[in-house]
There are 2 protein chains.
Amino acid sequence: MVEHAPSPETRAGGRPESADPETETAAGAPPGRQRLADRVRLGLEREIVTGDLAPGMRLDEVRLAERYQVSRTPVREALMQLAASGLVEMRPRQGALVAAIGTYQLAEMFEVMSELEALCARLAARRMTPRERNELAALHEACRPCLESGEADGYYEMNLRFHEAIYAGSHNAFLEQETRKIRRRVSPYRRMQLHRPGRLADSHAEHGRVVEAIRAGDQELAGSLMKEHVAIQSGTFVDFLASVGELPDQRAAGSPEPREPRRQAR
Amino acid sequence: MVEHAPSPETRAGGRPESADPETETAAGAPPGRQRLADRVRLGLEREIVTGDLAPGMRLDEVRLAERYQVSRTPVREALMQLAASGLVEMRPRQGALVAAIGTYQLAEMFEVMSELEALCARLAARRMTPRERNELAALHEACRPCLESGEADGYYEMNLRFHEAIYAGSHNAFLEQETRKIRRRVSPYRRMQLHRPGRLADSHAEHGRVVEAIRAGDQELAGSLMKEHVAIQSGTFVDFLASVGELPDQRAAGSPEPREPRRQAR
DNA sequence: CCGCCGCCGTTTGTATACAATGTTGCGCAT
DNA sequence: ATGCGCAACATTGTATACAAACGGCGGCGG
């Protein structure tokens, strides 16, 4: 039984006045109304997906709470949601880690992902409006500059947009969401992969064929081309990981060394 | 490339209730062994999937806390995890509802599900061990009694086991998990569907053809048969829902009617 | 010298208290 | 009488306090 909390002014709790009125343009202002847990979740998600928080890294609740200037409660919420989405792994009494996906599981995920992306492409070929088809083609063209200048990171971004356009083109919001979820989940591992020498050009060429099939409305072709496209990435990618031996094949068996408070403080 | 299942209970992406029903009465392990949040989550999940908690029904945190004899904290955890898995919908400051899926979104989900189940069947045809193939056939036969006696509920259960066997036969744990998740998510709506007159027999016959294809190792056939099988369910099912008009086509617009939860009178 | 056992610090899991927002119903003005 | 505004209520979001469990470490015994 806690009787009473005698700290009226250390108020970390009162979130509203904390930052600033922000962009609350008098209009009833929905934007600022964000739960703290969401802020933390978004932040962590970003850090994980971009690789700032490396797979296997420990996520200490109190440290994160300090970092985000909130209490443990929203942090726990965020961690659990991320765990549900697969980006974070929580072991019952041992805290949370950034999900470390073994090459084996990664291969499994690619197997599913290639199928879903193929489905997206197939449906897109069938359902995209003329306008969407044109936009897709434009997006494809917009990848070229990054390709020619060799900016892998820029291409990575454009590549993402390209694929998202196809997801949306499936006109199946559920499929779109699921596919996106999987892509996000593997993204911490994919970034490095595009740095392989000839991969960018190949990727772009494959995209081109997919665009063509979609514009032509050839469902089966679009699907199989896309499946191939993703599968190639999968192959080269898993090969790469395996060769580097960056990750243990079986993460669950003997935990390698989850302890790595490398850089946690900001 | 994929050869054997890793079998770590990747807790991350929502796990099956493989979490042992817990040795409640075991001497050494008092009921406190399991996290309370998990108990609540499992309980709610069961109630939702079986339809005891109808879609659209309000889930009040304090009431649930009383019902499960815990504080709000584990209840909130459970709700959030269920929200992440899609069984529960949480609106920012307005609490949680049992997810009410509109017919439109349901159709979308079936579109994805048929594809994933087809993939499972295709892979199963390629990868199942002889033993697994036999077990599948046995499982299929085991459905017959329920069929003949017309026990829809019993058949429903066996049907589930049958499909799960195929998921497992894909030897892709990730695919297995994802497919199971989707099936779970639509299950609150499926139960009633099998009560349709001739559906049980049809379903069983379709299963039989799938088993044959898998035993014969015919991937493509197994896949397309399974896709058809699920699609048929989808079709009759969505028709059924639409005819009953049980659900609004677009849930997002106006919330149907957060129905008053029954008195929990403790 | 090595291995086992028990203590202690750290960290998670749960409960409760406090703050803030959405909702509902009532009163008032038109 | 009806619609609007306001205030009290109900319920969620957040913080903090408390308890239990895991892991490490040192002492003890073989």
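So you know, we letter chains A, B, ... as the sequences are listed, proteins then strands, and number each from 1.
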Is there a side chain to side chain contact (heavy atoms under 4.5 Å, CB included) between B/Val75 and B/Leu59? Walk through the geometry before answering.
CA-CA 10 Å; B/Val75 171; B/Leu59 296 170; over 6 Å; no
Round to the nearest Å and state the distance from B/Met90 atom CE to D/dT11 atom C1'.
12 Å
Does A/His171 form a side-chain hydrogen bond (donor to acceptor under 3.5 Å, both in side chains) with A/Glu132? I'd like the steps, not just the answer.
CA-CA 11 Å; A/His171 288 225; A/Glu132 284 175 319; 2.7 Å; yes
Bend angle of the helix from C/dC1-D/dG30 to C/dT30-D/dA1 from five-pair axes at both ends, rounded to 10°?
10°
Which whole-number value in Å describes the distance from B/Glu66 CD to C/dT16 C1'?
15 Å
List the residues meeting salt bridge (Lys or Arg N to Asp or Glu O under 4.0 Å) with B/Arg183, not counting sequence neighbours, and say none if there are none.
B/Glu117
Residues B/Tyr167, B/Asn172; criterion side chain to side chain contact (heavy atoms under 4.5 Å, CB included); working and verdict
CA-CA 8 Å; B/Tyr167 302 164; B/Asn172 181 325; over 6 Å; no
Looking at A/Lys181 and B/Glu178, is any side-chain nitrogen of the basic one under 4.0 Å from a carboxylate oxygen of the acidic one?
no
Pairwise side-chain contact, A/Arg67 with A/Leu64, heavy-atom cut-off 4.5 Å (strictly under)
yes
OP1, OP2 of C/dT14 versus side-chain N and O of B/Thr73: anything below 4.0 Å?
no
What is the separation between atom CG on A/Leu97 and atom C1' on D/dC22, rounded to the nearest whole Å?
14 Å
For the pair made of CG in A/Leu36 and P in C/dC18, what is the distance, rounded to whole Å?
19 Å
Can you tell me how far P of D/dT12 sits from CD of A/Glu77, to the nearest Å?
13 Å
When you look at B/Tyr104 and B/Glu108, which way does the side chain to side chain contact (heavy atoms under 4.5 Å, CB included) test go after all the steps?
CA-CA 6 Å; B/Tyr104 181 82; B/Glu108 290 186 341; 3.1 Å; yes
Let's go through B/Leu123 and A/Glu111 carefully: what are the C-alpha distance in whole Å and the side-chain angles of both, what is the deciding distance for side chain to side chain contact (heavy atoms under 4.5 Å, CB included) to 0.1 Å, and is it a yes or a no?
CA-CA 10 Å; B/Leu123 294 178; A/Glu111 192 163 61; 3.6 Å; yes
Whole-Å distance separating the CD atom of A/Gln34 from the P atom of D/dG13
13 Å
Indicate for each nucleotide in nucleotides 5-12 of chain C, in 5' to 3' sequence, whether protein heavy atoms under 4.0 Å reach the base (B), only the sugar-phosphate (S), or nothing (-).
------SB
